[in-house]
Structure formats: structure tokens, C-alpha cells
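Only one structure is covered here, and it is reproduced in the block below.
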Amino acid sequence: MNTPPQSETELMARAFALAGKSLQDIAASCHETVPLHLTHAKGWAGQLLERVLGANACNLSQPDFMNLKIELKTIPVSPLGKVRESTYICTAPIPNSESQWEHSRVWRKMAKMLIIPIESDKSKPLFSQRIGAPILWSPPRPIEMQLRQDWEELTELIMLGHFELLSAHQGKYLQIRPKAPNAKTFVKVVNSQGQTISIVPKGFYLRSILTQKIIEENYSLCL
DNA sequence: ATTTGATCATTT
DNA sequence: AAATGATCAAAT
């Protein structure tokens, strides 16, 4: 693991230095080997970049670069420039323990994000897939407002115990999906009827419609 | 083809 | 147990 960057400038310099390199190049610099596929190593690339860039939050519920308040996200992008996956943000507090957007886990992580696209080309082996140019992004006001609205609506469903309505169908940019080792994992909650029921733990995710937009705006005309 | 729900690995 | 890193694969 590298030492934490002392400034945003230092972090960005490190991130730009990775652009264009293959996963093989980067793994080698850490004396690591690239897995053959991601099936049993789903978070591998993201964790590799954390180490190389010097992330220091160590699984705390804090942005990866705690001192800089910047969250790192790696985003798989297809050869045609399409974002392939949604982006996990954080676990959803159930039962709810947050009342204000400004103090929410989602906002703490989304206020400033370092987005690093990673080539996701299923016709090529994983080790040869390359790292893209980094994007340091904070939500523009209108997007922040939409995120806040999504968060408030989802949080209200949790607060009111309307777990039957709490699905991935809600939310324009932010959605809630299961986040658990498997579908048999559960937590007990009290629903809107006052009954205690079991549900699968949830997490907040960013829909790819938003991450797609961010990448298009920053990589303008690069297709 | 895209989206939702399910799952995998690691760390503390 | 619960957080992190996400992608897989079934459903639509």
C-alpha cells in the first residue's frame, strides 16, 4: 500500500499517471497477479487502485481518502463507452438513523468522488484491460438536488416502515438494492403495520444513467 | 439489451 | 456482524 496523498493535486497526479496502463502493469507494480476472471474477485480492481493510490479509510464508513474527503469509484466501461454496472455507494441504515441529507452516508461519499473508468471488454483477458483517465467530480447543484430528493424519498419509506415499496424501482439516480452475502441473510424490522418482519439488508447504489452522463461529459467526443 | 435481485471476497 | 470493494446472472 502506498502512502496517503497529502493533497488533491497529489492524488490527481497519481491517478493520471495510471491512465492508459493495463491491470497487469498496475498489479505488477504491487507484486500481485491479476485473477483470470472477476467471478470470485469482484472487487479486485477497485481494491488494487485503492492500494496504489494510497486510500486510507480502511473499510470505515468514510470516504476512501479521509483527509481529502474524496471517495474512489472504479467504473467498468464497455468498448462502446457504455457504463456496464451500477455503482455501490454504502449500506442503507435500517432501521433508519439519519434525518438530514447533509449528514447522510450517501452525501458524505458523493460530495466529491474520484471516478476512474476501467475498460471492460469481454473479448479480452482481464490482465490487458486498461485504466482510463480519472475524473474528479462533485455533483452540480441540480444533480445534488435530485440525489437529495431520491435519498429523502427512500429514507422516508424506511422511516415509515414501507419495506414492501422499498425496491430498486424507486429513485431517479439513487436506488436501493439488496446488499448481503445471499438472499437468506436478514435483519428484523418493524413495518408500517407495526409487525416485526425480516428483510434482506440493503445498500444505496447509483444508477448507471448518472455515471454514464458523468463519463460522457468528461470524455466529451472521445468516442 | 437493460435492470433488478443475488452473490463473492476481504477487512475490521 | 457489518462494513468495504463490486460483478454476476436471472428476470424483464
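Chain letters run A, B, ... following the sequence lines, proteins first and then strands; every chain starts at 1.
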- [ ] Could you state the atom-to-atom distance from CZ of Arg51(A) to P of dT10(B) in whole Å?
- [x] 11 Å

Open item on the list: Near DNA chain C, counting only heavy atoms under 4.0 Å, which residues of residues 14-34 of chain A show up?
Closed with: none

Open item on the list: Are the side chains of Leu157(A) and Phe163(A) in contact, using a 4.5 Å heavy-atom criterion?
Closed with: no

Task: Among Val187(A), Ile94(A), Thr91(A), the one residue meeting side-chain contact (heavy atoms from CB on, under 4.5 Å) with Pro201(A) - done: Val187(A)

TODO: Would you give the length of the straight line joining atom CG of Leu48(A) to atom CD1 of Ile131(A), rounded to the nearest 0.5 angstrom?
DONE: 7.5 Å

- [ ] Provide the full list of salt bridge (Lys or Arg N to Asp or Glu O under 4.0 Å) pairs with a residue in residues 173-193 of chain A, sequence neighbours left out, each pair given once.
- [x] none

Listed pairs, N/O of protein and of nucleotides 1-3 of chain B, under 3.5 Å:
none

Open item on the list: Within the supplied structure, the quantity of interest is the number of heavy atoms (other residues, nucleotides, ligands) at a distance under 6.0 Å from Leu136(A) CG; does it exceed 12?
Closed with: yes

Open item on the list: What is the separation between atom CD1 on Ile94(A) and atom P on dA2(C), rounded to the nearest whole Å?
Closed with: 12 Å

Task: Whether Asn218(A) side chain and Ile215(A) backbone form a donor-acceptor pair below 3.5 Å - done: no

Task: side-chain contact (heavy atoms from CB on, under 4.5 Å) against Pro35(A), all qualifying residues, sequence neighbours excluded - done: Ala41(A), Trp44(A), Leu126(A)

- [ ] Do nucleotides 4-12 of chain C as a string where each nucleotide becomes B, S or -: B if the base has a protein heavy atom under 4.0 Å, S if just the sugar-phosphate does, - if no protein is that close.
- [x] BBBBB----

Task: Below 4.0 Å: OP1/OP2 of dC8(B) and any side-chain N or O of His40(A) - done: no

Open item on the list: Let's go through Glu98(A) and Arg105(A) carefully: what are the C-alpha distance in whole Å and the side-chain angles of both, what is the deciding distance for salt bridge (charged side-chain N to carboxylate O under 4.0 Å, His left out) to 0.1 Å, and is it a yes or a no?
Closed with: CA-CA 9 Å; Glu98(A) 298 179 342; Arg105(A) 301 180 193 192; 3.8 Å; yes

Open item on the list: Does Leu165(A), at its CG atom, have more than 12 non-hydrogen atoms belonging to other residues, nucleotides or ligands within less than 6.0 Å?
Closed with: yes

TODO: Go through the steps to decide whether Arg207(A) and Ser86(A) satisfy the test side chain to side chain donor-acceptor pair (under 3.5 Å), and finish with yes or no.
DONE: CA-CA 5 Å; Arg207(A) 289 184 187 277; Ser86(A) 56; over 6 Å; no

- [ ] Five pairs at each end of the helix from dA1(B)-dT12(C) to dT12(B)-dA1(C): take the axis at both ends and give me the angle between them to 10°.
- [x] 20°

TODO: Find which nucleotide of DNA chain B each of Gln170(A) and Asn182(A) is nearest to by heavy atoms, and output the residue with the more 5' nucleotide.
DONE: Gln170(A)

Task: Protein-nucleotide distance (Lys202(A), atom NZ; dA2(C), atom C1'), rounded to Å - done: 16 Å

- [ ] Evaluate the side-chain proximity of Ile176(A) to Tyr205(A): yes if any heavy-atom separation is below 4.5 Å, no if none is.
- [x] no

- [ ] Provide the closest heavy-atom pair for Met66(A) versus Asn56(A) in the form atom of the first, atom of the second, distance.
- [x] N-OD1, 3.0 Å

TODO: Can you establish whether the number of heavy atoms outside Glu164(A) located under 6.0 Å from its atom CD is more than 12?
DONE: yes

